[in-house]
Amino acid sequence: MLLIQDGARIAIVEKGPALLPHGQNVDITGVAMTVIKKMGLFDEVKRYHTQEEGTQLVDHNGRPLASFPIKENSIASFTSEFEILRGDMAKILWEASRAQTSTEFLFDTTIQQVLHNDDDSVKIELSNGSVQEFDLLVVADGQWSKLRKQVFVPESVNVIDKNMYVVYFTVPKTKTDNKWWNVYIGLQSRIITLRPDPHGTTRAMFTIMPHNEAQKIAWRNAIRAGRTKQEQLVKQEFASVGWEARRLLDAMSAAPDFYFHPMQQIKMDRWSHNRVICLGDTAFAPTPLTGMGTSLAILGGCMLAGELAQLQPDQHPMSALDAYEKAFRPFVEQTQKIPGILPGAVHPDMAWERWLLQSGISVVAWAASFPSFARLIGGNRTAEENNNGFKLPRYEKLDRML
Ligand SMILES: Cc1cc2nc3c(=O)[nH]c(=O)nc-3n(C[C@H](O)[C@H](O)[C@H](O)COP(=O)(O)OP(=O)(O)OC[C@H]3O[C@@H](n4cnc5c(N)ncnc54)[C@H](O)[C@@H]3O)c2cc1C
Ligand SMILES: *[C@@H]1O[C@H](CO)[C@@H](O)[C@H](O)[C@H]1NC(C)=O
């Protein structure tokens, strides 16, 4: 959207037949929210708020063990001030860019091949056979990007597996589903959560950290096995976990948006090669464990547009790609650092570990209700400060257009 206002002609190629509603809550934190505000989309984002009131840990009867209500401008709760679904966020961005006449959206289309990529231009073949030439190809087809594989050698792309799987799907809402993010910690590294959405349904999430070799192999093999096999595995592994498991597993096969997600980070030695640049999860998937996937994608998009808009007529576009990477990479690398105790710490294996975790979290919830302690654990930091001091660079030309 920022680039279009700078006069660029843009074609967006999307594999899906239309905008798909898959995925659940994504975080837009700190500086990324500044970008949303600059684009004039802040009110839209607020309009799609999931209405979640906070996060609570529940026992096998659904009784709350510890509650973290949301607080304005604070990160004391796992629920943020701007809870929004991935599908709703995509829709907001789509609507905003669709309003610009110089953008072309090609649904049901993929890029079959990068035919040529050098200093001057990039030539691609679309899935319908048409060959087109562009000044720049931005590759943003996600964590498993097929295009990335065509342009970058495997040694330059590092996939870091976190031995954790997440399964998302939507179920009909029942009377017991409330406005909290209800988190049930089961044994053998299994967690189930239920969250409200603004569409009258409930969002279920299952997470697991396989602990023995056979289980690790079963989950790894499921990645490419397709939905039916994935559902079978989830049923088999979660049937005995308790709480709402039965109801959710029964509803799973009817869900329109079943999504199976292995937690893997992507780290690339360099994000661009000649006229091709990777962006978002393709370039630097941090995993939902960091809660930063969407924020990094938004920030990256803005900064890349900012650097391109700033190019002088005598400058080569590749100098903008270099400047962008130099300015953004340190923050990306910092964001991808996941504390060693996560995700294992929240996936207890044994009953005593679960007890320790639950009582630990109860103590933190209780202590966080005291302002001085909350400040100590960072609870009173505002959302804007929540980016470890990273500031959006000033792009004067962009700022003037917005
Ligand atoms: C289905 C799904 C659900 C998710 N749910 C969550 C969640 O609940 N919470 C969370 O924190 N993060 C979630 N994520 C990750 C989150 O979307 C990203 O971290 C973040 O938004 C950055 O997104 P991205 O645009 O770089 O990649 P993605 O969100 O992965 O988007 C990639 C896009 O490229 C399209 N595509 C894929 N292959 C091709 C191709 N060959 N040609 C053309 N188009 C292609 C896909 O259809 C998709 O629209 C989810 C991702 C997906 C794909
Ligand atoms: C393929 O799709 C592009 C983009 O919509 C279009 O411009 C082109 O004419 C199509 N080509 C063929 C051969 O259908």
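Basis for what follows: all heavy atoms, side chains included, without hydrogens, waters or symmetry-related copies. Ligands are counted one by one from 1 in listed order, and the atoms in each one are counted from 1 as well. As the structure is a prediction and not an experimental result, all values here were calculated from the model.
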Could you check atom 4 (C) of ligand 2 against the protein and tell me its nearest heavy-atom contact, residue, atom and distance included? Leu106 CD2, 3.6 Å
Thr110 heavy atoms within 4.0 Å reach ligand 1 at atoms 40 (C), 41 (N), 42 (N)
Angle class for the Phe152/His273 ring planes (parallel below 30°, perpendicular above 60°, tilted otherwise)? perpendicular
Contacting atoms of ligand 1, where contact means under 4.0 angstrom from a heavy atom of Ala140: 32 (C), 33 (C), 34 (O)
Measure the distance from atom 5 (N) of ligand 1 to every protein heavy atom, then report the residue, atom name and distance (to 0.1 Å) of the closest one. Gly23 CA, 3.3 Å
Close-contact set for ligand 1 against His22 heavy atoms, below 4.0 Å: 1 (C)
Ligand 1 atoms in contact with Ala297 (distance to a heavy atom under 4.0 Å): 22 (C)
Need the ligand 1 atom indices (1-based, order shown) with element for anything under 4.0 Å from a heavy-atom of Gln24. 5 (N), 7 (C), 8 (O)
For Thr294, is at least one N or O under 3.5 Å away from an N or O on ligand 1? yes
Return the NE2 to NE2 distance between His22 and His261, rounded to the nearest 0.5 Å. 13.0 Å
Return the residue, atom name and 0.1 Å-rounded distance of the protein heavy atom closest to atom 2 (C) of ligand 1. Tyr259 CE2, 3.2 Å
How are the rings of Tyr165 and Trp219 set to each other: parallel, tilted or perpendicular (split at 30° and 60°)? tilted
Quick one: which of Thr193, Asp197, Asn25 gives a side chain to side chain donor-acceptor pair (under 3.5 Å) with Arg203? Asp197
Arg86 near ligand 1 by a heavy-atom separation under 4.0 Å: yes
Interfacing atoms of ligand 1 (cut-off 4.0 Å, heavy-atom, Val13): 43 (C), 44 (N)
Nitrogen or oxygen atoms of Ser130 and ligand 2 under 3.5 Å apart: no
Can you confirm whether some protein heavy atom lies under 4.0 Å from atom 14 (O) of ligand 2, or whether none does? yes
Assess the side chains of Gln188 and Glu237: does a donor N or O sit below 3.5 Å from an acceptor N or O? no
Main-chain N/O of Asp120 paired to Arg275 side chain as donor or acceptor, under 3.5 Å: yes
Taking atom CG of Asn182 and atom CH2 of Trp243, what is their separation to the nearest 0.5 Å? 5.0 Å
Select the closest option to atom 26 (O) of ligand 1 among Asn25, Thr290, Asp281, judged by heavy-atom distance. Asp281
Proximity winner for atom 47 (O) of ligand 1, if only heavy atoms of Met205, Lys15, Glu14 are counted: Glu14
As an exercise, identify every atom of ligand 1 less than 4.0 angstrom from a heavy atom of Gly280. 26 (O)
At less than 4.0 angstrom from any non-hydrogen atom of Gly293, what atoms of ligand 1 do you find? 19 (O), 20 (C), 22 (C)
Tell me: protein heavy atom nearest atom 27 (O) of ligand 1, and distance? Gly142 CA, 3.7 Å
Write out the residue and atom name of the closest protein heavy atom to atom 37 (C) of ligand 1, then the distance separating them to 0.1 Å. Asp141 O, 3.4 Å
Please tell me if the side chains of Asn117 and Leu137 come closer than 4.5 Å, counting only heavy atoms from C-beta onward. no
Below 30° counts as parallel, above 60° as perpendicular, anything between as tilted: where do the rings of Phe390 and Phe328 land? tilted
Is it true that His316 and Asp119 share a donor-acceptor pair across their side chains at a distance under 3.5 Å? no
May I ask you to check whether Trp181 and Phe68 place their ring centres under 6.0 Å from each other? no
Determine the interplanar angle of the Tyr168 and Tyr259 rings, folded into 0 to 90°, and report it as parallel if under 30°, tilted if 30 to 60°, perpendicular if over 60°. parallel
State, yes or no, whether a side-chain contact exists between Gln150 and Val276 at a heavy-atom distance under 4.5 Å. no
Quick one: look up the protein heavy atom nearest atom 7 (O) of ligand 2 and list residue, atom name and how far away it is. Gln132 NE2, 3.9 Å
Return the residue, atom name and 0.1 Å-rounded distance of the protein heavy atom closest to atom 7 (C) of ligand 1. Tyr168 OH, 3.4 Å
So the atoms of ligand 2 within less than 4.0 Å of a heavy atom of Asn128 turn out to be 1 (C), 2 (O), 3 (C), 8 (C), 10 (C), 11 (N), 12 (C), 13 (C), 14 (O)
